[in-house]
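Worksheet for the structure shown next.
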Amino acid sequence: MNTELDPLLQWHQDEKAWWNMYGDYMTYQWQLTPYLHDVIRTPLENEYVDYLLKPGGRLLDLGCGSGWLSFHFAEQGMSVLGIDVAKEQINAANELKLSRGVKNVSFECADFIAWDSSQYVGAFDSVFVSAFMHHLPEVELEQTVQKIASVVKQGGRVFLYEPLTSARPRRLTIKLIDRVSSLGLLLLLDKFPKWLGLISERHTAELARGYKMTSPHERPVDVALLRKFCGNEFEISEIKGWHLHSLGFSMQVTALREGARKYYEPLGRFWYGLDRLLFRRFGWESFSLPGRFILCGVKLTKK
Ligand SMILES: C[S@@+](CC[C@H](N)C(=O)[O-])C[C@H]1O[C@@H](n2cnc3c(N)ncnc32)[C@H](O)[C@@H]1O
């Protein structure tokens, strides 16, 4: 008897199990460094809120996780639906809803691909997709884009914040910049903390129970495929690089003991500034490497 699971089913089971197991630690990590969060995320948050906010309108937060982003919109008068496949994440989102006393937000536990969206055709003014698509198998990307297109109104807006990859070759200058900054990060965030015993007890315990910084199947989305799949349904008004090393930096800082974190946090400002400078000067695609996470913001409008 063949006991092997269908590869797609296996993919989804692995991802769901990972999020149920480690989603709470990820949420905890994000809350650890408000200073870094402020430096690295606030300009991005201003941009997607500006783009998607329509008081009185409806917003879908796709792959909402613990729901923390849904509240940006619900608390400013949008009616929000958050969907996530991980039960633990939806439970956390519902707890957050209770503690914040927000009524115009609801959460549903569902796999987006299998989700019955028939009652939502053309229902949403805005769709927010933050760090969700890169968890899907490539064969489901087109289906996902079409399903998003079916639930958004004509003229409605979609903002994707996803790691993207491009086939553009790296120039020598870029390779040199990459070498230097990667070495700096390796020393600062990996070697020194290990040599000096700066890793927090919680992080050590999470590593011992199998935690890795990334889920089993996540990998950046090919920008050429994204353009192709979105092109029929949407106007693509912008694809902007946001984070090269700074997001990884801020994630890794959360692995450190509290005493060490406060010395590292101001350095995040430097790495964020460097990302912004390099992207302005060379464009995000120049830094693409297979498997490298370059976090980009994509603005779409439904045709
Ligand atoms: C990196 S987290 C992003 C959470 C939140 N959007 C944020 O930016 O903090 C990705 C989320 O996508 C969810 N997810 C992965 N595959 C999914 C699917 N097929 N349908 C719905 N949610 C899914 C995971 O459970 C996880 O909570």
Side-chain angles (χ1 to χ4, degrees), residues 2-30 60-67 69 82-93 108-115 127-148 158 160-167 203 206-230 239 242-245 247-248 250-252 254-255 284 287-298:
N2 183 6
T3 54
E4 269 186 29
L5 273 182
D6 169 297
L8 271 187
L9 202 60
Q10 183 71 57
W11 174 300
H12 285 296
Q13 283 200 357
D14 294 346
E15 285 287 313
K16 191 164 145 181
W18 193 93
W19 283 105
N20 278 327
M21 182 104 171
Y22 303 115
D24 66 328
Y25 181 52
M26 278 228 132
T27 306
Y28 164 77
Q29 279 187 302
W30 280 118
L60 173 67
D61 181 3
L62 186 47
C64 62
S66 60
L69 297 167
I83 292 184
D84 200 282
V85 73
K87 186 97 189 74
E88 295 294 321
Q89 293 287 285
I90 291 297
N91 291 344
E108 205 176 312
C109 186
D111 174 347
F112 182 62
I113 299 292
W115 180 57
V127 179
F128 185 31
V129 184
S130 171
F132 159 74
M133 281 175 125
H134 73 290
H135 290 284
L136 300 177
E138 204 165 278
V139 292
E140 288 182 356
L141 274 181
E142 185 169 14
Q143 228 179 321
T144 301
V145 170
Q146 280 170 358
K147 196 155 179 176
I148 295 173
V158 179
L160 314 174
Y161 174 64
E162 294 288 345
L164 300 184
T165 188
S166 151
H203 193 73
E206 294 292 341
L207 292 180
R209 70 179 189 117
Y211 175 70
K212 295 191 179 63
M213 293 287 217
T214 50
S215 73
H217 300 289
E218 67 181 305
R219 80 271 161 282
V221 177
D222 180 348
V223 71
L225 277 186
L226 194 70
R227 282 198 176 99
K228 181 172 144 200
F229 296 152
C230 291
I239 302 183
W242 274 98
H243 302 116
L244 177 61
H245 291 303
L247 196 80
S250 67
M251 284 293 288
Q252 279 176 274
T254 65
W284 72 267
F287 290 87
S288 201
L289 272 174
R292 172 179 264 182
F293 281 53
I294 302 182
L295 275 302
C296 296
V298 181

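Checked against salt bridge (Lys or Arg N to Asp or Glu O under 4.0 Å), R219 has no partners two or more places apart in sequence or in another chain.
With a 4.5 Å cut-off on side-chain heavy atoms, L136 and H12 count as touching. Looking at heavy atoms from C-beta onward, Q29 lies out of side-chain contact with Y22 at the 4.5 angstrom threshold. Counting heavy atoms from C-beta on, the side chains of L164 and P220 never come closer than 4.5 Å. In this structure the side chain of L160 reaches within 4.5 angstrom of the side chain of L226, judged on heavy atoms.
Y211 and H203 have perpendicular rings, their planes meeting at more than 60° on a 0 to 90° scale where under 30° would count as parallel.
Nearest heavy atoms, V145 versus F229: CG1-O, 3.5 Å. Pairing each heavy atom of F132 with each of G63, the nearest pair is CD1-CA, 3.8 Å. Heavy atoms only, all atoms of each residue included: S130 and L69 are closest at OG-CD1, 3.6 Å. Nearest heavy-atom pair, C296 versus I239, reported as atom, atom and distance to 0.1 Å: CB-CG2, 4.5 Å. When every heavy atom of S66 is checked against every heavy atom of T27, the shortest pair comes out as OG-CG2, 3.6 Å. Across A86 and C109, no two heavy atoms sit closer than the pair C-SG, 4.1 Å.
Atom-to-atom distance recorded for M133:CE and F112:CZ is 8.5 Å, nearest 0.5 angstrom. Distance NE2/H135 to CD/E162: 7.5 Å, rounded to 0.5 Å. Atom CZ of residue F293 and atom NE2 of residue H134 lie 5.0 Å apart, to the nearest 0.5 angstrom. Atom CD1 of residue I90 and atom NZ of residue K87 lie 8.0 Å apart, to the nearest 0.5 angstrom. One distance of note links CG of L289 with OG1 of T165; it measures 8.0 Å at 0.5 Å rounding. Atom-to-atom distance recorded for E88:CD and M21:CE is 11.0 Å, nearest 0.5 angstrom.
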Quiz item: After noting the C-alpha distance and the side-chain angles of W284 and L244, does the key distance pass the side-chain contact (heavy atoms from CB on, under 4.5 Å) rule?
Solution: CA-CA 8 Å; W284 72 267; L244 177 61; over 6 Å; no
Self-check item: Steps toward side-chain contact (heavy atoms from CB on, under 4.5 Å) verdict (H243, Y161)
Solution: CA-CA 10 Å; H243 302 116; Y161 174 64; 2.7 Å; yes
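In this structure, a donor-acceptor pair under 3.5 Å is present between the side chains of W115 and E108.
A donor-acceptor pair under 3.5 Å is formed between the side chain of E218 and the backbone N or O of S215.
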